[in-house]
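Heads up, the thing below is written out as structure tokens.
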Amino acid sequence: MFYIKISIGVDSCNHIKRGLFLLVCSVWVAGAIHARQPLMDPALRDTYPDYVVFSSPNGKDSLGYSPHGLIVPVVFRVNRYDLQPNSLLDTVVQELCRLRSDSAVRVARVWIGGSASPEGALDWNRRLGEYRSQALARYLSQQTGFPQEQMTVVNLGEDWYSFEQTMKHGMQIPHREEVVAILLREPDAERRKQQIVALDGGRTWHRIIRDLFPPFRNARLAVVCYEQPREILSVPVRLSLYRSAQPASRPVLSSSFGSRRGGAMRPWHLAVKSNLLVLAATVANVGVEVELWPHGSLDIPVFYSPYDITPTRKLRVLATQPELRWWPGLVMQGHFVGLHTHVAGFNIAVNDKGRYQDPNHALWGMGVSYGYALSWGASKQWGVEFTLGVGFAEYDYDGYRNRPGGPLFESGSDWYWGITRAGISLSYKWAFSREK
């Protein structure tokens, strides 16, 4: 059984076509698991859901494609990997808890796979497959206490297999035969997309994105059980769901985003950036942000302005403002909160009254900030970041009359409370394998 949430328009023709699509997709979207028939009484085995797969620890499993043995409890929004609980997922949680206390079986492992629909950049879709599979693994572990070490967490990347099967056996769209021919003869994902787009200027491709791809943005699972509580084999059951679009001797996915168990390795991110608001104030600046841990980063901007705007107007600064950031989701994507400090030397004249500079004692302070970052481009490498922070600063100053050779007329120190960080920053990001 599959749970697939898809928006359906009011047009009756679309109702019929999408109904046919859902029927076909329920058979093909998972390409699920079929283990060798167990010795358990069939009547007893039928009391378990289809996604509970029985395997014998004393023999090798015979695996193949079957419409049974896998469930899709989570369908994600496009380009998202935040998991939203639903009634079907609640049922899976309850069943896994029941299986763990069932004396007739032992849960050997939980197989989890995450996928992305084939539109968009290949690199980002591979990340989505990884993040979606990990999101479901974390959720099940938190809700049931089942250890992530006993989960086989697989990144399925772009779900070309389900797309191909749906096109072959169900959905009727313009240029269907041409699309199927492209899928059969062209193994390269990018060239596939280009050739389908070229059929009619992209109209068929956009129809496919709208009507076919939403269910492929999912995380799916199967629960592999032994019939009796026995010692788990050291060699795990290997669950092969999808045939690769690549030659058989090559892995389906790249090593950076391949199949990994519970504690999967995430890519490591680095970005360079510049604050456009500070540039508009004629202060040159550049920053570096580096990922420190899965939800944390360190942002270090440097500001430098060594020149006079006019003989009586100047905004000379040399400053830095390091900030530790926490990201609820992916680092350098979405919302974040930060804790920053600042150190600055200054020589400033913005009116006719006076020129103020630090007397060899730099301004310093601290603050907290909130921001939001978003990305664009084929590989999501370009980004823009909005941030605003509040805090305090302590500084000493000497004031001089704002004219050539103007005398010292004031010295003192003060505290400032208010906005300490603001910016609209343009960034360019890299993602590196942690193995490198």
Side-chain angles (χ1 to χ4, degrees), residues 2-7 29-30 71-93 96 110-144 146 148 151 153-159 162 209-210 213-221 257 260 262-269 271 289 291-297 325-338 370-377 379-381 383-387 429 431:
F2 298 93
Y3 173 78
I4 301 176
K5 182 178 180 181
I6 182 169
S7 299
V29 70
I71 191 171
V72 180
V74 185
V75 176
F76 296 88
R77 290 173 291 174
V78 62
N79 283 333
R80 301 297 295 271
Y81 51 91
D82 49 328
L83 186 151
Q84 301 297 325
N86 57 69
S87 58
L88 185 58
L89 190 56
D90 293 340
T91 301
V92 172
V93 169
L96 185 55
V110 176
W111 186 98
I112 294 174
S115 69
S117 52
E119 82 275 19
L122 178 61
D123 180 68
W124 174 241
N125 286 339
R126 284 172 174 169
R127 296 187 200 182
L128 278 177
E130 180 78 7
Y131 301 149
R132 287 168 176 172
S133 59
Q134 292 295 332
L136 181 55
R138 285 193 301 269
Y139 182 83
L140 289 179
S141 182
Q142 292 167 358
Q143 297 297 316
T144 67
F146 191 83
Q148 283 191 248
M151 295 182 182
V153 183
V154 177
N155 174 9
L156 300 174
E158 293 184 340
D159 193 353
S162 295
I209 292 175
R210 185 190 69 190
F213 283 172
F216 305 157
R217 305 161 188 152
N218 66 55
R220 61 206 76 172
L221 68 89
F257 301 94
R260 299 213 170 90
M265 295 170 63
R266 297 166 58 100
W268 176 79
H269 294 88
E289 185 170 5
E291 180 178 349
L292 299 181
W293 60 88
H295 294 283
S297 67
R325 294 176 169 180
W326 180 78
W327 304 77
L330 179 65
V331 168
M332 302 182 201
Q333 280 278 20
H335 302 274
F336 70 86
V337 292
Y370 164 80
Y372 186 83
L374 53 89
S375 302
W376 73 87
S379 299
K380 302 293 182 180
Q381 289 181 292
V384 64
E385 171 192 300
F386 305 89
T387 183
K429 297 175 286 187

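A distance-only check finds no donor-acceptor pair linking the side chain of W327 to the backbone of Q333 [under 3.5 Å]. The main-chain N or O of R80 is found under 3.5 Å from a side-chain atom of R132 such that the two form a donor-acceptor pair. D159 places no side-chain N or O within donor-acceptor distance of the main-chain N or O of R217, the cut-off being under 3.5 Å. When atom types are taken as modelled, the side chain of N86 and the backbone of P73 share a donor-acceptor pair closer than 3.5 angstrom.
Taking CG of D82 as the start and CG of L330 as the end, the distance is 12.0 Å to the nearest 0.5 Å. The CD1 atom of I71 sits 11.5 Å away from atom CG of N218, with the distance rounded to the nearest 0.5 Å. Distance check, rounded to the nearest 0.5 Å: OH of Y131 to CZ of R126 gives 13.5 Å. We find the CG-OG distance between N125 and S115 to be 9.5 Å, quoted to the nearest 0.5 Å. Atom CD1 in I112 sits 5.0 Å away from atom CG in L140 (nearest 0.5 Å). Going from atom NE2 of H335 over to atom OH of Y372 covers 5.5 Å, rounded to the nearest 0.5 Å.
Of all heavy-atom pairs between M332 and A271, the closest is SD-CB, 3.8 Å. Residues W376 and V384 approach most closely at CZ3-N, 3.6 Å, considering heavy atoms. When every heavy atom of Y81 is checked against every heavy atom of G329, the shortest pair comes out as OH-C, 3.9 Å. Residues E158 and G120 come closest through the heavy atom pair OE2-O, 4.1 Å. Looking at every heavy atom in both residues, G114 comes nearest to S133 through N-CB, 3.5 Å.
In this structure, E119 and V78 have side chains that are in contact, with non-hydrogen atoms separated by less than 4.5 Å. Residues H269 and S297 have side chains not in contact (no heavy-atom distance under 4.5 Å, counting atoms from C-beta outward).
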Checklist entry - Could you walk me through whether F336 and V331 pass the side chain to side chain contact (heavy atoms under 4.5 Å, CB included) check? => result CA-CA 9 Å; F336 70 86; V331 168; over 6 Å; no
Item to check | Step-by-step side chain to side chain contact (heavy atoms under 4.5 Å, CB included) determination, M151 to R138 | outcome: CA-CA 10 Å; M151 295 182 182; R138 285 193 301 269; over 6 Å; no
Item to check | CA sep, side-chain torsions, deciding dist, call: L89, L136, side chain to side chain contact (heavy atoms under 4.5 Å, CB included) | outcome: CA-CA 10 Å; L89 190 56; L136 181 55; 3.8 Å; yes
